[in-house]
Amino acid sequence: MAAMSLLLRAAAAWGARRAVSGAAGAARLPWLTGAARLPGTVAPVRHSSSHGKRMFIIKATSFYDTRFLNLLRFYVFLTGIPVALFITYVNIFIGEAELAEIPEGYVPEYWEYYKHPISRWIARYLLDSPEKTYEKQMALLDVEAKKTELRLMELEARRLMRHRGDGPWYHYETPDKNLVDNSMKSTPDN
Amino acid sequence: MPKDPDWEAYKVPPTRTPVSERITSVPNPATIFQTVFNYVVDAPVTFVREWIERQQAKNKFYYYHQKFRRVPDLSECLEGDYLCFFEAEAQWRRDRMVDQQIVEIMRERLGACKQREGPNAFQNCAKEMEQLVQVTKAYQDRYGDLGVHGNARTCLMKQKHRMMEERKAQANASQ
């Protein structure tokens, strides 16, 4: 950075010298004048020693990127830091459970099979016990099994009633016997 | 999953490095490093860890390994008894997980033996190698080739085929 400012300062001084000599030598060599400049502005610019020449650096905007990253950091840490502090507190002051043999005659609760205190809390207050889910699954299976059984029996009954014709199903309405006109069959010579 | 409970398999035989007499007055740099490490790293870490354990010892609680009751096997279920099928299937899956962990433990034992023995592994780890071969053969006989959709029923059918093959082999051998 210091080298850059020195370089820029040296370039500006050289340009100023060129401008001074150009004003005098323009009469001699018109093409030796320096870059286009407003008439009368020949004085060298004084640069402060701390920053050097102020440059307008042209680059693509990073406004949107930095805004996104700032917002991301903010919203992630907004809940991330309290959660991290809570988990640290739990791990340090409550600690994990120790493995022990099941005492005689004692049936542990279903949440006492987990090690971490947060897992235990979730199992105890948020989730159903595995015995309950097991029984629910078995109840569902039982209902479906009874449904399949009844459906199969219904199909069998239907088949038999259709075949034998002695059941309450498969009765079809037939027209009355008295409406039938038997006149064409009344004599044998028709 | 639980660690291997049998520590005897992992015992390292005692080292036989001889105790050497000091012959120079130059202090051993290893002991200097050890004391520096002890004061700079070991002592603060141990202090913090013991403070944490004192806080945790105020309310201790325990966790247990769940013991499942044995239920009737798939071969003891009546046909059409879907509840019995469900329970037998769950028990079979638990047993398969246990068998997978048994194979894993035997593999770890062999690996530890190889690490311990170094170049003498082929000679001194023969027992662990033999155990691993037997366990993997048994696992392959029972659960191998069932595929990802293997369940208690396919395993029972595989067992039935194995028994039929055995009987045929016995009949052929006795002829």
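Note that this is a predicted model, so its numbers are computed, not measured.
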More than 12 heavy atoms from other groups under 6.0 Å of OH on Tyr172(A):
yes
Should Val135(B) and Leu146(B) be counted in the same cluster of Ile, Leu, Val, Met, Phe, Trp and Tyr side chains packed under 4.5 Å apart?
yes
Nearest 0.5 Å please: distance from the NE2 atom of His65(B) over to the CD1 atom of Ile102(A).
9.5 Å
List the steps and the verdict of side-chain contact (heavy atoms from CB on, under 4.5 Å) for Trp51(B) and Ile92(A).
CA-CA 9 Å; Trp51(B) 179 82; Ile92(A) 290 181; 4.1 Å; yes
Between Lys60(B) and chain A, which part of the residue has a heavy atom less than 4.5 Å away: side chain, backbone, both or neither?
side chain
Is it the case that atom CZ in Phe68(A) sees more than 12 heavy atoms from other parts of the structure closer than 6.0 Å?
no
Which bit of Ala57(B) is near chain A, if near means a heavy-atom gap under 4.5 Å: side chain, backbone, both or neither?
neither
Can you hop from Val103(B) to Trp92(B) via hydrophobic side chains spaced under 4.5 Å?
yes
Does the side chain of Tyr134(A) come under 3.5 Å of the side chain of Glu87(B) through a donor N or O and an acceptor N or O?
yes
Search all heavy atoms of Lys115(A) against all heavy atoms of Phe61(B) and return the closest pair with its distance.
O-CE1, 4.4 Å
Pairwise distance CG(Leu140(A)) to CZ(Phe86(B)) - rounded to 0.5 angstrom
9.5 Å
From the list Gly95(A), Ala145(A), Ala97(A), Pro108(A), the residue making the most non-hydrogen contacts under 4.5 Å with chain B is Ala97(A)
Give the minimum heavy-atom separation between Leu141(A) and Tyr82(B), together with the two atoms involved.
CD1-O, 4.2 Å
Max heavy-atom pair count under 4.5 Å with chain A, selected residue of Glu53(B), Arg54(B), Gln56(B), Gln55(B):
Gln56(B)
Do other residues, nucleotides or ligands put more than 12 heavy atoms under 6.0 Å from Lys158(B) NZ?
yes
Using side-chain contact (heavy atoms from CB on, under 4.5 Å), reason through Tyr64(B) and Glu112(A) one step at a time and then give a plain yes or no.
CA-CA 7 Å; Tyr64(B) 312 101; Glu112(A) 288 176 359; 3.5 Å; yes
Please check if the number of heavy atoms outside Ile58(A) that lie under 6.0 Å from its CD1 is greater than 12.
no
Has His171(A) got more than 12 heavy atoms of other residues, nucleotides or ligands less than 6.0 Å from its NE2?
yes
So how far is it from Leu83(B) CG to Gln137(A) CD, rounded to the nearest 0.5 Å?
11.5 Å
Could you go through the side-chain contact (heavy atoms from CB on, under 4.5 Å) check for Tyr62(B) and Leu99(A) one step at a time?
CA-CA 6 Å; Tyr62(B) 301 96; Leu99(A) 183 57; over 6 Å; no
Atom OH of Tyr114(A): over 12 foreign heavy atoms under 6.0 Å
no
Counting only heavy atoms not in Arg96(B), do more than 12 sit closer than 6.0 Å to its CZ atom?
yes
Among the options Arg120(A), Glu144(A), Glu96(A), Glu101(A), pick out the one with the most heavy-atom pairs lying under 4.5 Å from chain B.
Arg120(A)
Using every non-hydrogen atom in the two residues, find where Asn59(B) and Phe93(A) come nearest and quote the distance to one decimal.
OD1-O, 4.3 Å
Should we say atom CD of Gln123(B) is surrounded by more than 12 heavy atoms from elsewhere, each under 6.0 Å from it?
no
Does any backbone or side-chain atom of Tyr113(A) lie under 4.5 Å from a heavy atom of chain B? Answer side chain, backbone, both or neither.
both
